[in-house]
Amino acid sequence: MRIVELTGESKKNILNDLLKRSPNHYSEYESIVNEILDEVRQNGDSALFAYTQKFDRFPLNAENIRVDRAEIEEAYGRLDAELVEVIRRSAENIRDFHKKQLRNSWFDTKEDGSLLGIKFTPVVRAGVYVPGGKAAYPSSVLMNVIPAKVAGVKEIIMTTPPGADGQVNPGTLVAADIAGVDTIYRVGGAQAVAAMAFGTESVPRVDKLTGPGNIFVALAKKAVYGYVGIDSVAGPSEILVLADETANPRYVAADLLSQAEHDELASAILITTSRELAEKVSEQAKLFTEELSRREIIQKSLDNYGYILVAESMQDAIDAANEIASEHLEILTENPYEIMAKIHNAGAIFLGEYSSEPLGDYFAGPNHILPTNGTAKFFSPLNVDDFMKKTSIISYSGAALEKVHKDIELFAESEGLTAHANSIKVRFED
C-alpha cells in the first residue's frame, strides 16, 4: 500500500478520488437504466420477462416468477446445518438490536383543549433487492428485512436474480425465510427495481425499497426515488482505520483487506500518527494479499483506492476521518473511546482491537447497510425508522383556537393567502 504524508493537498486529492466512485459519476449508464424503467412501467410483466431472458438467460413467466415453499425447503438442505444455525443466531442479534430503536406515538394535551402529537405508522409494503451470483450475501438479507419486520411492516417482498437454470442462491432463500420475507420473486437488475417501484401484473408496487446492487440497480433506485421511498444510493464499500503506535499491524492490515476484497472500487485507508506502523502495515498487507483467495480484486482495490496516510497529530487524523466520512471506521488507539467522542461522520464505528469490521457485517446486531461516499455526513445506517412514517396530529378546542385566531389570520394575510385567513375567521363570526 502506498504511504502518503497527510497534508491539505493529499487529503483533497484523496477525497476527489473517492468521490469518483459515486453512482452520481456514472451518468453514461442512466439512459440504459431509464429505458428499462420506462419499458417495465409501460409494459409490466412482458418487459420484466424479456429483460430477464436477455440479462439472466432464464425464461421467466407468470408461473415461475415466484419462489415456492418447496424451493425454500430445498435450499435449507443445500446449506450446511451449522451455517443455518449461525444465520439464526445472527438474525436474533440483529432483531434484538433493532427492537431498541422502536418509538411510541406521543400526544401532548393542554388545559385549553389543544392536543398535539406524532403518530408512528409502518409502511404497508416494503421491497428488498438482493444481488445474485458472486455478490449474493445472506447477511444483507437479514439487515434489510429484520428492521422492517421490527417496524411492523405488514408485507415484505424480495427480488433477486436467478441463474440461467432459474435457481436462486440457497443462502439468500434461507436468510429470507428466517428473516420473515413474505414473497420472493426471481428477478433482478434495474427491471426488478422498476417492478417494485411501479408494480406489474406479478410484482406488487412497494412503499419503501431497500437493498444494495450494481451500478444499474443503484441508478434505478435513484431514478425511482419519489415514486417510492429508498434507503440510499449505495456506492462501493469503504473502511478507514484510525491508529496510533499501539495498534497491531497484522490486525490493521487484515481489517483493511476485509473491505478491499469486496470490489475493485472498494476503498481501504489507514490514517496513523506512526510512520513505523505505516510501514509495517504496508508490508503485512502485501503478505496477506499474496495468500488470500480474492487477491486480484484486493490488489486492484489497493492500487486504486488504498492509502496509508501519516499524520503529524491525532487531531489531524481525526479531522481527515471526519472529512472522508467513511462507511466503516475502526479506532485502534490507546484510548479509542476518547477518539470516538471526536468523530462526527462515520457510518459505523468499531472500537478496539477485538472489534474488527466483519463483526458488524455478520453478527453483532447493528445494521451493516451504511452510508457511503461521504454521505455519512448526513445519512444514517438503515434502521427501524426507515420503515416508519411520522404523522402530525393537531386538535384544538374552540377556546384554544379563539386565543390565537387573530395571530393566524394576520400571518396568513401577510402572505396574501386570504382564503387561509378566512378559514379561521368564519369560526368566530358573530
Side-chain angles (χ1 to χ4, degrees), residues 82-106 120-123 126-130 137-154 156 158 171-172 174-182 208-212 229-232 234 237-240 255 258-259 262 325-331 336-337 339-341 343-372 375-376 378-390:
E82 187 175 353
L83 175 58
V84 173
E85 289 309 307
V86 169
I87 292 173
R88 291 190 193 280
R89 291 197 294 272
S90 175
E92 194 58 36
N93 290 343
I94 296 165
R95 191 173 295 111
D96 287 346
F97 179 85
H98 287 81
K99 281 180 178 179
K100 294 177 174 65
Q101 299 174 358
L102 279 169
R103 292 195 281 173
N104 296 319
S105 302
W106 60 266
F120 288 90
T121 309
V123 301
V128 176
Y129 183 88
V130 178
Y137 300 123
S139 58
S140 287
V141 177
L142 303 180
M143 295 291 182
N144 278 279
V145 175
I146 291 174
K149 292 293 289 186
V150 171
V153 176
K154 290 183 178 179
I156 302 173
M158 186 180 91
T172 295
V174 168
D177 190 54
I178 289 172
V181 172
D182 294 292
K208 187 70 178 267
L209 197 165
T210 69
I230 65 171
D231 49 349
S232 65
S237 190
E238 306 163 345
I239 186 170
L240 189 153
D255 294 353
S258 73
Q259 293 308 291
H262 268 299
S326 185
E327 177 187 19
H328 308 100
L329 172 64
E330 288 189 8
I331 303 178
Y337 292 92
I339 304 299
M340 182 266 290
I343 296 297
H344 309 301
N345 303 321
I349 300 175
F350 301 78
L351 302 174
E353 64 181 11
Y354 293 105
S355 304
S356 61
E357 189 279 338
L359 173 66
D361 270 354
Y362 293 109
F363 209 74
N367 211 289
H368 79 203
I369 309 296
L370 302 167
T372 58
T375 59
F378 46 84
F379 279 143
S380 304
L382 189 70
N383 60 84
V384 170
D385 275 358
D386 284 309
F387 299 95
M388 302 288 285
K389 301 180 287 94
K390 304 175 187 70

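For NZ of Lys154, the number of neighbouring non-hydrogen atoms (other residues, nucleotides, ligands) closer than 6.0 Å is 12 at most. The number of heavy atoms from other shown groups lying within 6.0 Å of CD (Glu82) does not exceed 12.
Here the shortest heavy-atom pairing between Asp231 and Gly211 reads OD2-N, 3.1 Å. Contact detail for Ile178 and Ala91: the closest heavy-atom pair is CG2-CB, 3.8 Å. In terms of heavy atoms, Gly347 sits closest to Ala376 at N-CB, 3.7 Å. Of all heavy-atom pairs between Asp361 and Glu357, the closest is OD1-OE2, 2.7 Å.
Within the structure, salt bridge (charged side-chain N to carboxylate O under 4.0 Å, His left out) pairs that include any residue of residues 96-106 comprise Arg103-Asp385 (at least two apart or interchain).
Side-chain atoms of Ile230 and Thr210, non-hydrogen and from C-beta on, never get closer than 4.5 Å to each other. Residues Ser355 and Glu330 form no side-chain contact, since every pair of their non-hydrogen atoms from C-beta on lies 4.5 Å or further apart. At a threshold of 4.5 Å between non-hydrogen side-chain atoms, the residues Val174 and Pro138 do not count as touching. Here the side chains of Asn367 and Asn383 are not in contact, with every heavy-atom distance at 4.5 Å or above. Pro122 places none of its side-chain heavy atoms less than 4.5 Å from the side chain of Phe387.
We find the CZ-CD1 distance between Phe379 and Ile369 to be 14.0 Å, quoted to the nearest 0.5 Å. Taken from CD1 in Ile146 to CG in Leu382, the straight-line distance is 11.0 Å, to the nearest 0.5 Å. Distance NE2/His368 to OH/Tyr137: 9.5 Å, rounded to 0.5 Å. For the atom pair CG (Asp255) and CD (Glu353), the distance works out to 10.5 Å, reported to the nearest 0.5 Å. For the atom pair Ile343 CD1 and Ser326 OG, the distance stands at 10.5 Å (nearest 0.5 Å). Once rounded to the nearest 0.5 Å, the distance linking OG of Ser380 with CG of Asp386 reads 8.0 Å.
Using a cut-off of 4.0 Å between Lys/Arg side-chain N and Asp/Glu carboxylate O, Arg89 and Glu92 are scored as not salt-bridged.
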Determine, step by step, whether Asn144 and Met158 satisfy the side-chain contact (heavy atoms from CB on, under 4.5 Å) criterion, reporting the C-alpha distance in whole Å, the side-chain angles of both residues, the deciding distance to 0.1 Å, and the verdict.
-> CA-CA 10 Å; Asn144 278 279; Met158 186 180 91; over 6 Å; no

Please walk me through it: do Gln259 and Glu238 pass side-chain hydrogen bond (donor to acceptor under 3.5 Å, both in side chains)?
-> CA-CA 6 Å; Gln259 293 308 291; Glu238 306 163 345; over 6 Å; no

Evaluate side-chain contact (heavy atoms from CB on, under 4.5 Å) for Gln101 paired with Val150, printing each intermediate quantity in order.
-> CA-CA 9 Å; Gln101 299 174 358; Val150 171; over 6 Å; no

Would you check, one step at a time, whether the test side-chain contact (heavy atoms from CB on, under 4.5 Å) holds for His328 with Phe350?
-> CA-CA 8 Å; His328 308 100; Phe350 301 78; 4.1 Å; yes

Determine, stepwise, if the pair Val130 / Ser140 fulfils side-chain contact (heavy atoms from CB on, under 4.5 Å).
-> CA-CA 8 Å; Val130 178; Ser140 287; over 6 Å; no

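Judged purely by atom type and a 3.5 angstrom limit, Lys389 has no side-chain atom pairing as donor or acceptor with the backbone of Phe120. Of the possible polar contacts, none joining the Asn93 side chain to the Ala364 backbone as a donor-acceptor pair under 3.5 Å is found.
Under the side-chain contact (heavy atoms from CB on, under 4.5 Å) criterion, Leu351 pairs with Ile331, Pro336, Tyr337, Met340, Ile349, not counting sequence neighbours. Partners of Glu327 according to the salt bridge (charged side-chain N to carboxylate O under 4.0 Å, His left out) rule, which considers only residues two or more places apart in sequence or in another chain, do not exist here.
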